[in-house]
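We use all heavy atoms of the structure for the numbers below, so side chains are in, but hydrogens, waters and symmetry mates are not. Whatever order the structure lists them in is the order used to number ligands and atoms, beginning at 1.
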Amino acid sequence: MNDFRFSARTEPRTDRARPLATQAWFTVEPRDAAVASARTALPVRTFNESDCPLSHLVSELVAQVDAADPSQAGHSLRVAALATMLGSSIGMNARELRELRIAALLHDVGKILVPAEALRKEGPLSATETSAVRRHAVFGGMILRKIPALAFAAPVARWHHERWDGLGYPDGIQGASIPLHARVVAVADALDAMVSVRPYRKAMGLQDAFAELDAQSGAQFDPLVVSATGPLVGAPGFEDSVNVIAHDIEVLPAAA
Ligand SMILES: [Fe+2]
């Protein structure tokens, strides 16, 4: 196993005295009217870099995850955008949404410790390779726990592959024992995976992907989160909206 040691300096926060809701929001003009109407319909906001004292580190870690698994580049950004929409739909407050967005960005950070030959392999994986790839959840939790300002995101990294029925990994926890943020990211993760092209299969249509989610409601996924997904998926311009919001997130300043 890699001898992994992370050190990070936590910058003093300057926004402690005021609630997140009063901070300046980062906005990007929608590309067309359909996207504009979708964004109006969807109660979504994204956040500027002052929300996270380690935004440069977050951006770098996301870039490293994309580099570790180029076939899924952009996945972390889209999952963060989707998760933020879902969290908003189920009534999360500003602080919860901020933590959800950052945790979603970092949900697969453990992939940077998975051997590339297993992570990048096209086609069926052996049992050994499957178990190597699955370890990204444990690695992600380990990495984030070592960074005090990002430790809140560790449970999402560790438990985003757990299932509502307890048949997931790495710990097999179930139901409400799985933190809500991880249950939201699990749905966003699955939705993005299904609608994305993978080396071994075509992308599914959005409605077909939602049907799969719905079929797994109460088995793989939290029914509350799945029920919040339907209206979003059915909103006009939903896919464009995800891409626009992912772009908002992407423009966090790059590491120097
Ligand atoms: Fe994952």
Could you check if a side-chain atom of His181 sits within less than 4.5 angstrom of a side-chain atom of Glu96, using non-hydrogen atoms only?
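When only atoms from C-beta onward are counted, Glu96 and His181 do touch, with a gap below 4.5 Å.
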Minimum side-chain heavy-atom gap Ile90-Leu180 below 4.5 Å
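The answer is yes, as the side chains (C-beta and beyond) meet within the 4.5 Å cut-off.
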Ser196 side chain to Ala193 main-chain N or O, any donor-acceptor pair under 3.5 Å?
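The answer is no, because no donor-acceptor pair under 3.5 Å joins these two groups.
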Quick test of your reading: applying ring pair (Phe, Tyr, Trp, His ring centres under 6.0 Å), list the pairs with at least one residue in residues 61-104, sequence neighbours left out, ordered by first then second residue.
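Applying ring pair (Phe, Tyr, Trp, His ring centres under 6.0 Å) to every pair that reaches into residues 61-104, excluding sequence neighbours, yields His75-His107.
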What protein atoms of element N, O or S are positioned under 2.8 Å from the Fe ion (ligand 1)?
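Hits for the Fe ion (ligand 1) below 2.8 Å: Asp108 OD1, His136 NE2, His160 NE2, His161 NE2.
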Minimum heavy-atom separation for Ala186 and Phe221, please, with both atom names.
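Nearest heavy atoms, Ala186 then Phe221: O-CE2, 3.7 Å.
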Take Glu60 and Gln64, measure what side chain to side chain donor-acceptor pair (under 3.5 Å) needs, and give me the verdict at the end.
CA-CA 6 Å; Glu60 182 58 26; Gln64 291 297 325; 2.8 Å; yes
